[in-house]
Structures are given as C-alpha cells and as structure tokens.
Amino acid sequence: MDSNTTILARSYKLPWTLRAYDALPGNPISIGIVFTLALLLIFFVGRAFFDGASGSPPDELRVAITQIVMTAYSASAYAFLLGTARKTTQDLSPVARDLPHWKAIVDQAGKHSRWILLLVGAASFLLIGVTVTNLTTPEPVNPWQWQDWNYDVSWHRVTTVLFVWWIGCFCYVIVVESARLSRLSNNFEPLDLFDMRPYQPLIRQGLTNALLVIGMVSVLSLLAVESRYVPVLVGFWISFIVLAWIGMTLPLRGIRKKIRVAKNRELDWCRQNLLIARDALKSGDGEKRSIAEIMAYRTMIQDIRNWPFDSPTLIRFTLYLLIPLGSWLGGAFVERGLDFILS
C-alpha cells in the first residue's frame, strides 16, 4: 500500500452514527423502532408537563410527530446503509479476493471523511432545512424568532436540523458507496454470462438502496396531509425517486459494462463461426445442424439483459415506488379517523 493510500485510510473513519448503532444491541431496524418510541415518549411527556394538551394547533402536533419519526428513520437508514455497504464488499470476496490490497478495500468500506460528512450535513440544513422551513411557515410569522415558538414548533426546529443533516449524509453515502462498488466491479475477472450468482450482493445492495430511499419518501409523505407542505413534497418525491434509481443502478454499472463486453465477445464468436459454417455448407462439407445450433446460441446471448435484473427484481422495484402512495393514503385515513373521534 502506497503512502497516499495510507494517508487516505487514516483520514477516513466510520461515521459516529454507525459506531453508535454498532455499540447498541440489536440491528438498525430494531434500534430505529426503539429510537422512535423513545423520542415520542420524551415528546409527549414534555408536552404534557410544559405545554399541556392544548398548547398548540393540531397541525403542529401532526408535523412534530412526523418529524420525530423522520429523525429516527433517517438515522437508522443511514446506519443501515453504511452497514450493508460493508457487508456487500465482504460478500464479493469470492470474485474479488485476488485483487491487490483487497483487505484494505474491505477495511475502507463504509468509512468516510468526517469533515466531508460535516460539510454535507451543514450544507443540507442551510440549503434545504432553512428553505423548507421558510416556505412552510405562514406569513407574517418569523420561523426563526425562537421567543415565539410553542412546544411543538420547538421540536420542529430541532428535529429539522437532525433529520435534514442525516438525510444529506445518507444521500452522499448512497452515491459514494454505490460508485465505489461500481469501480470495484470494474476490476473483476471477465464474468460468466450464465452464472451471475457471484454478483448477487451488488443486486441486493441496489435493491436495499432503493428501498431505503423509498422508505424515506414514505415517511415524508405523511406531511402531505398538510396542504402547505405539498409543493415542497413534490420536489422531494421527484428527487428521491431519481435517487432511488441511481442507488439501484449505480452499484451495477461496472457489471453492466462487463456483461456488454462479454456479450459482444460471444456475438463476435457466433458471427465468425457462422461465416465458417456457411462456407462449409456451400462447399458441401458442413451441416445445417451446426448453423442452427450457432444461431440458437446467438439468440440466447442476445436475450441476456445488459442490466443483471430479472423480471421479479423489476417488479419489486416498481412495487417499492407504490409504498409512498400507501403511506400518504394511510396518513389521510388516520387523520380523518382522529378528527372523527375527537369531534
């Protein structure tokens, strides 16, 4: 390992969010559920103690609860993404362990510069958190006049900093880790078109990326019951759907190139042998059977997709895209039910 690689390895560390989740018992999913319940418990106990049950409008309460859930989900999705990126790299060892510095590659998986993450998180809050807060606060209220905040709005401001920070880091990591896996797969040996099993970890990582992004959209969709958030959410929906597609396809970009190269190589072989078989047939030395077999093989090669997705994978991704719609409908039904019960 050269000196530049050594310096880079020292400057990149496991993010503190992942280290915190690794220090706790359970997986990020169970920790996220406990995190959500703990935040909700703290919120409602504090609300009853400081503000009472009628200290703020119902819409502020709904937004506060949604942002609490979003805070827990964004942190858990971020930690889960980092963990799966490390596991995917380890699972690729059957086809990658002969690469130079393979142990260093595995060790660097999921590690990032803390200064870059700090910059990304701060920029996310300043560019997105502040903008969204300004756009969704009715005039003439100043959203940053902290003396005018009630209990629920105070939670809005605090959780906005947290979950926008984690979302920014999540988006950064999903692109960087996916690009890293793509570059890693570029160094693999020529693949076998009829045995894609060694590369299944990359497909699973792509689906995991997409599911985590769609889950984030689903939680944010709960805010759609408040009309003031709808214009902002439309932008989020479009951006996150694009991110889901990038997260699904970018880890497979290197494998896609290798599939295309392998297909072209096999098709060139078919073309050359068809010419040989044709000339032999014309001279009376060839057989029609050999030509039919080559053409059947060529058709089989042409039918192989450049992207290593089968139909169930594409159907699963399509169903993922419907999850936010179900979340929005569920939130609307729950809101109507609560209004009916409380009225």
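- Nearest heavy-atom pair, Ala72 versus Tyr21, reported as atom, atom and distance to 0.1 Å: O-OH, 4.1 Å.
- Through side-chain heavy atoms spaced under 4.5 Å, either directly or across other Ile, Leu, Val, Met, Phe, Trp or Tyr residues, Val34 is tied to no other residue.
- Ile68 pairs with exactly one of Val158, Leu37, Leu40 by the side chain to side chain contact (heavy atoms under 4.5 Å, CB included) rule, that one being Leu40.
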Side chain to side chain contact (heavy atoms under 4.5 Å, CB included) assessment of Arg180 paired with Arg183: CA-CA 5 Å; Arg180 183 185 60 80; Arg183 290 193 301 270; 3.8 Å; yes

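- Checked against side-chain hydrogen bond (donor to acceptor under 3.5 Å, both in side chains), Thr88 has the following partners two or more places apart in sequence or in another chain: Gln205.
- By the 30° and 60° cut-offs, the orientation of the rings of Phe194 relative to Tyr297 is tilted.
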Determine, step by step, whether Phe170 and Val175 satisfy the side chain to side chain contact (heavy atoms under 4.5 Å, CB included) criterion, reporting the C-alpha distance in whole Å, the side-chain angles of both residues, the deciding distance to 0.1 Å, and the verdict. CA-CA 9 Å; Phe170 172 86; Val175 173; over 6 Å; no

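- Taking a 6.0 Å sphere around NZ of Lys258, one finds it holds more than 12 heavy atoms contributed by other residues, nucleotides or ligands.
- Between the CD1 atom of Ile255 and the CG atom of Asn306 there is a distance of 12.5 Å, given to the nearest 0.5 Å.
- For Trp149 (side chain) and Pro143 (main-chain N/O), a donor-acceptor pair under 3.5 Å exists by modelled atom type.
- The CH2 atom of Trp166 lies 15.0 Å from the SG atom of Cys171; values are rounded to the nearest 0.5 Å.
- Taking CD1 of Ile65 as the reference point, atom CG of Leu39 lies at 12.0 Å (rounded to 0.5 Å).
- Transitive grouping of hydrophobic side chains (ILVMFWY, heavy atoms separated by less than 4.5 Å) brings Leu220 and Ile238 into a common cluster.
- Within a 6.0 Å sphere centred on CZ of Phe240, heavy atoms belonging to other residues, nucleotides or ligands number more than 12.
- Under the 4.5 Å side-chain criterion, counting only non-hydrogen atoms from C-beta, Gln272 is not in contact with Leu267.
- Residues Tyr151 and Glu60 have side chains that never bring a donor and an acceptor to within less than 3.5 angstrom of each other.
- Arg47 forms no cation-pi arrangement with Trp155, by the criterion of a distance under 6.0 Å to the ring centre and an angle within 45° of the ring axis.
- Of all non-hydrogen atoms in Pro198 and Leu92, the two that sit nearest each other are O-CD2, 3.8 Å.
- Side chain of Tyr73 to main chain of Leu212: a donor-acceptor pair is present (N/O by atom type, distance under 3.5 Å, no hydrogens or angles).
- Put simply, the side chain of Ser30 never gets that close to the backbone of Gly26: no donor and acceptor are under 3.5 Å apart.
- Annotation for Gly110 and Leu82: closest pair O-CD2, 3.6 Å, computed over non-hydrogen atoms.
- Proximity of a side-chain donor or acceptor of Ser93 to a complementary backbone N or O of Thr89 within less than 3.5 Å is not detected.
- Of the possible polar contacts, none joining the Lys13 side chain to the His112 backbone as a donor-acceptor pair under 3.5 Å is found.
- Looking only at distances, no side-chain donor or acceptor of Thr137 sits under 3.5 Å from a matching main-chain atom of Asn134.
- Nearest heavy-atom pair, Arg19 versus Leu14, reported as atom, atom and distance to 0.1 Å: CD-O, 3.3 Å.
- The minimum heavy-atom distance between Thr17 and Ala75, with the atom names listed, is CG2-O, 3.8 Å.
- Side-chain contact between Ser124 and Tyr172 is absent, with no heavy-atom pair separated by less than 4.5 Å.
- In this structure, the separation between OG1 on Thr84 and CG on Leu211 is 10.5 Å, given to the nearest 0.5 Å.
- Judged purely by distance below 3.5 Å, without hydrogens or angles, the side chains of Trp165 and Ser74 never pair a donor atom with an acceptor atom.
- The two residues Met70 and Met216 have their closest heavy-atom pair at CE-CG, 3.0 Å.
- Side-chain atoms of Arg253 never come within 3.5 Å of backbone atoms of Ser182 as a donor-acceptor pair (strictly under, hydrogens ignored).
- Arg86 contributes a side-chain N or O that, together with a main-chain N or O of Ala109, makes up a donor-acceptor pair within less than 3.5 Å.
- Of the possible donor and acceptor atoms, one in the side chain of Thr71 sits under 3.5 Å from a partner among the backbone N and O of Gln67.
- Side chain of Thr159 to backbone of His156: a donor-acceptor contact under 3.5 angstrom is found.
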